[in-house]
*Asks:* 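The structure that follows is given in the form of structure tokens.
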Amino acid sequence: MSFLDELNESQRAAVEYNDGAQLIVAGAGSGKTRVLTYKIAYLLTQGVSAGHILALTFTNKAAREMKQRICHLVGEDVARYIWMGTFHSICARILRKHAAAIGFTRDYTIYDASDQKSLVKKIIKDLKLDDKIYKPGTIIDRISTAKSAFVSPEEYAQSKQFAQADSVMNIGRMPQIYAEYDKRLHGSNAMDFDDLLMYTVILLQNNADIREQYQSWFWYVLVDEYQDTNRTQYLLVKLFAEPQNKVCVVGDDAQSIYSFRGATIENILGFQQAYADARLFKLERNYRSTQTIVNAANSLIYKNKAQIRKNVYSEKEVGDKVRVTGYDTDREESHAVAQQIVMLHNLEHRNYEDIAILYRTNAQSRSFEDEIRKRNIPYRIYGGLSFYGRKEIKDAIAYFRLVANERDNEALDRIINMPKRGIGDTTVDKLREAAAMAGQPILAVCREPERFAPLLQAGTRKKVQAFAQMIDELHTLMQEKDAYEYTQAVYERSGLMADAVTDYSPEGIDRRGNLEELLSAIHQFVTDRKAQDEDAHINDFLNEVSLLTDQDERLDDRTPRVTMMTVHAAKGLEFPVVFVVGLEENLFPSPFCETEKEMEEERRLLYVAITRAEQQCFITYANQRWKNGQPTFNAPSRFIRDIDPQYITRGSSVPTMMPPWIEQPRTPRTMMSHPTTRPTEQLRQATVTPPARPATLKAVKQLPKQPMPDAVISEWKEGDRIAHKVFGKGTVKCVYKENDNEKIDIVFDDKGKKTLLLTYAKLERI
DNA sequence: TGTCTCATTTTTTTT
DNA sequence: AAATGAGACA
């Protein structure tokens, strides 16, 4: 087999074995995708036909790339029949077909994070719980944890473990909330992301005929990134693979970084127990990075206890040492990184696309963005507001959703008064109540208000009815037209486009542009699907979009750009030059990890970050960082100490001030509202003993609001620093008055009218 | 009902 | 630094 010659010995062994269950432990950069693609190609040459292969990945992007590579090996006409996709998209596909078996219709909606949140908020309100204690975020997290562990509401109510964790958090009513949440989702003919997996397992468990149908259909099951699967996914894989157990999972326990989402590292560690005669293969040769980078990463991960020991090595050049540099402030850090990028580009002729900045939290991106833009360096930020996350796009999509699934109450909530129809919150509340009373979808109440909600005023009834009628008319159109024509009809009938067109503000023009972009994306979709002789219905589009992530967008753009993203988002990618920034205590590692186990996950996260680098790796930290409008002071991350010093060189941009190591007191939860603030000077002098906290500087949160006459503002402009920034609502002009330690933000709307005035104090001497 | 003003809060990572 | 929410008022 000629193409197998392109593999090394261990890769080839892994590809050629397919007698049964198989675990491939693939070190970073060891060609794991290559093995998977070649394995699939090999299976095809062995007579397994494409349609009988199921390959599950973590992201759409990974699926698409793998499919492309297989196309190169075996041709597109074969590759297109492989069942390749994310867990979620494969499940969504199966559930569409068998929706009735689990009590849904095939038009079910997939709720995204914001739908979940608003639903949970309503439940908390209806159950009359305190939203200070029952925070939507926490609740959603608990529900997701349960679903990831395949725990139903009933089982949740029985579970001592969940009950105990809830009582610690003082959220003892969780079982009721979970049950109610489940009920309302079902009532809305909707599922959240976790449901897609959970219901597929339920479907297969409860329906022997369907289960056997898939089990005999899938001859071979492959799973990528197995270290990031949760219990529900484990069950799912098992259900697909039984009874033959021709299953091949690939993963790296050292790169398991999604436990917060329910991933359990036990899946990969216990694979050989789960599949009795499973064979283990290891890929240990790293083809990506220099020896120094591999060694540095190894020395870091060596500090973790729970892991499959392996010996990842590189035979590339030794390469540069990892450069660790500390700065006084976060501003200096981003300034220096941007400057370094300029130098890399101009002096070492690095392409911008070869460079990435990786950080722990999305919030860190802003300062780098500012500095990089100042220097006119092209860049791209992943993970910010994605196109499909924009308000006007979500509104348009909410129309699609409601028309397709009239029970989708979250979509209705979004659009019933968008654009303005004079249907306010009070009316919607009444409608909701009437709907709950009658056991009807809210839209049904809108259709016949006199029957379900006679209390509404005549004028309101009319408005509500008109809305329902519009939706119903669109419903007819939806069935007649393709997605493109239908979208045009939606824009027109809903008044969305008219609303954007008459708005001449910069934001309005932007909104219109986005709506047009959506339309052209749908046009593209229709053309593509028709060329493939596939359906081009709006529901097909909706399906695809609701499972999209921000990393799946913007393929067209080929300008070389510096990449900025979180370390999580960088998993699976590689760059010649990588900056890992913000390596400080209380940031990286995150202040929220308390157990040693969580700390090990943070360490793995840094391992992932470092191993993204092919040739050069820079690590930076800042002694002072602005957080929530307040300065915070943190010691350099303990992880820097974990890396063997022989692979590190100290950066020299500022006087090296790595203090002799002090165990940074980790801010306990209860103290979070009073962040420790310590002046930089103190940090410099700190020796072995943890420094006391001399409060020579105090950050004053917010000055009392004071009227600020325009005259005063113009007076301040003279000689003061004035910054311009553009963000969501309007233009902000910040006026700093240094001597009085005050800063004023004046927010103007598009017409130059003053809309918001905030006064902040900077550091105040005591 | 909708807009404007002010006040409070903020736990990381994402399919 | 920014978003979200509550309350006042037109």
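Just so we're on the same page: letters track the sequence lines, and every chain starts at 1. Quick caveat, the model's predicted, so the values are computed rather than measured.
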*Asks:* OP1 or OP2 of B:dT14 versus the side-chain N and O atoms of A:Thr566: is any pair under 4.0 Å?
*Replies:* yes
*Asks:* Output a table of donor-acceptor pairs, distance under 3.5 Å, between side-chain atoms of residues 417-425 of chain A and any protein atom two or more places apart or on a different chain; print 'none' if there are none.
*Replies:*
unit_1   : atom_1 : unit_2   : atom_2 : d
A:Asn417 : OD1    : A:Arg421 : N      : 2.7
A:Asn417 : OD1    : A:Gly422 : N      : 3.3
A:Asn417 : OD1    : A:Ile423 : N      : 3.3
A:Asn417 : ND2    : A:Ile423 : O      : 3.1
A:Arg421 : NH1    : A:Tyr399 : OH     : 3.4
A:Arg421 : NH1    : A:Ile415 : O      : 2.8
A:Arg421 : NH1    : A:Ile416 : O      : 3.1
A:Arg421 : NH2    : A:Tyr399 : OH     : 2.7
A:Arg421 : NH2    : A:Ser494 : O      : 3.2

*Asks:* B:dT12 P sits how many Å from A:Arg261 CZ, rounded?
*Replies:*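 For the pair A:Arg261 CZ and B:dT12 P, the rounded distance is 16 Å.
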*Asks:* Give one of base, sugar-phosphate or nothing for A:Lys420, where a contact means two heavy atoms less than 4.0 Å apart.
*Replies:* sugar-phosphate
*Asks:* Could you state the atom-to-atom distance from CG of A:Asp228 to P of B:dT15 in whole Å?
*Replies:*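 Whole-Å distance recorded here is 11 Å.
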*Asks:* By the 4.0 Å heavy-atom rule, please label A:Asp194 as base, sugar-phosphate, or nothing.
*Replies:* nothing
*Asks:* Between A:Leu605 and A:Val428, which has a closest nucleotide on DNA chain B that is more 5'?
*Replies:* A:Val428
*Asks:* Testing the 3.5 Å rule here: is there a donor-acceptor pair between the side chains of A:Tyr258 and A:Gln227?
*Replies:* no
*Asks:* On the side chain of A:Ser590, is there an atom forming a donor-acceptor pair with the base of B:dT12 - under 3.5 Å, no angle test?
*Replies:*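 Present.
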*Asks:* If you take the centroid of each ring, where Trp contributes its six-membered ring, are A:Phe260 and A:His568 closer together than 6.0 Å?
*Replies:*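 Yes, ring centres under 6.0 Å apart.
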*Asks:* Taking C:dT4 as the reference, what is the distance to B:dT13 when you measure between their C1' atoms (whole Å, please)?
*Replies:* 22 Å
*Asks:* Using the side-chain heavy atoms of A:Thr59, tell me which of these nucleotides is nearest: B:dT12, B:dT14, B:dT15.
*Replies:*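 From the listed options, B:dT15 comes nearest.
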*Asks:* Salt bridge (Lys or Arg N to Asp or Glu O under 4.0 Å) between A:Lys374 and A:Asp370: does it pass, once the steps are laid out?
*Replies:* CA-CA 6 Å; A:Lys374 260 190 218 163; A:Asp370 288 348; over 6 Å; no
*Asks:* Which residues pass the salt bridge (Lys or Arg N to Asp or Glu O under 4.0 Å) test with A:Lys135, sequence neighbours left out?
*Replies:*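 Testing A:Lys135 for salt bridge (Lys or Arg N to Asp or Glu O under 4.0 Å), a comparison that skips the adjacent residues, returns none.
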*Asks:* Are A:Glu600 and A:Lys597 ion-paired here, with the side-chain N under 4.0 Å from a carboxylate O?
*Replies:*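 Answer for the salt bridge query: no.
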*Asks:* With respect to the phosphate group of B:dT15, does any side-chain polar atom (N or O) of A:Ser89 fall under 4.0 Å of OP1 or OP2?
*Replies:* no
*Asks:* Would you say a side-chain N or O of A:Asn362 is under 4.0 Å from OP1 or OP2 of B:dT14?
*Replies:* yes
*Asks:* Test your reading of the model: is there a side-chain donor-acceptor pair from A:Arg604 to the backbone of A:Ser256, 3.5 Å cut-off?
*Replies:* yes
*Asks:* Without decimals, in angstroms, what is the distance between A:Arg421 CZ and B:dG2 C1'?
*Replies:*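 Result: 16 Å.
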*Asks:* Decide, applying a 5.5 Å centre-distance limit and a 30° plane-angle limit (both strict), whether A:Phe260 stacks on B:dT13.
*Replies:*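 Taking the rule of under 5.5 Å and under 30°, the ring of A:Phe260 does stack on B:dT13.
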*Asks:* Looking at A:Thr86 and A:Ser89, would you say the former's side chain and the latter's main chain have a donor-acceptor pair under 3.5 Å?
*Replies:* yes
*Asks:* Would you kindly give the OH-to-P distance between A:Tyr382 and B:dT15, to the nearest whole Å?
*Replies:* 13 Å
*Asks:* Which of the following nucleotides, B:dT13, B:dT15, C:dA1, is nearest to the side chain of A:Asn628?
*Replies:*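 Side chain of A:Asn628 sits closest to C:dA1.
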*Asks:* I need the CD-C1' distance between A:Glu600 and B:dT13, as an integer number of Å.
*Replies:*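 Distance, rounded to whole Å: 18 Å.
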*Asks:* Could you give the NZ-to-P distance, from A:Lys132 to C:dG5, as a whole number of Å?
*Replies:*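 Spelled out: NZ on A:Lys132 to P on C:dG5 is 11 Å.
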*Asks:* How many whole angstroms separate atom CG of A:Asp130 from atom C1' of B:dT9?
*Replies:*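 Taking atom C1' of B:dT9 as the reference, CG of A:Asp130 is at 14 Å.
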*Asks:* Are any of A:Lys121's side-chain N or O atoms less than 4.0 Å away from OP1 or OP2 of C:dG5?
*Replies:*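 So the side-chain polar atoms of A:Lys121 do come within 4.0 Å of the phosphate oxygens OP1 or OP2 of C:dG5, strictly under.
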*Asks:* Tell me whether A:Arg390 is salt-bridged to A:Asp395, with the criterion being a basic N under 4.0 Å from an acidic carboxylate O.
*Replies:* no
*Asks:* Which part of the nucleic acid, if any, lies within reach of A:Phe588 when heavy atoms closer than 4.0 Å are counted: base, sugar-phosphate only, or nothing?
*Replies:*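 Nothing, no nucleic acid heavy atom in range.
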*Asks:* From the list B:dT15, B:dT12, B:dT14, which nucleotide is the closest neighbour of the side chain of A:Thr361?
*Replies:*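 Of the options given, the side chain of A:Thr361 lies nearest B:dT12.
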*Asks:* Starting at atom CG of A:Asp131, determine the distance to atom C1' of B:dT10, rounded to an integer number of angstrom.
*Replies:*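 It is 14 Å, rounded to the nearest whole Å.
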*Asks:* Report the residue (A:Glu602 or A:Asp425) whose heavy-atom-nearest nucleotide on DNA chain B is the more 5′ of the two.
*Replies:*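 Counting from the 5' end, the first nearest nucleotide belongs to A:Asp425.
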*Asks:* Mind checking if A:Thr426 touches a base, just sugar-phosphate, or nothing, with heavy atoms under 4.0 Å?
*Replies:*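 The answer is sugar-phosphate, as A:Thr426 gets under 4.0 Å only of primed atoms, P, OP1 or OP2.
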*Asks:* Kindly state which residues belonging to residues 133-146 of chain A come within less than 4.0 angstrom of DNA chain B, counting heavy atoms of the residue only, listed by number.
*Replies:* A:Lys135
*Asks:* Base, sugar-phosphate alone, or nothing: which one does A:Phe87 contact when heavy atoms must sit under 4.0 Å apart?
*Replies:*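 No contact.
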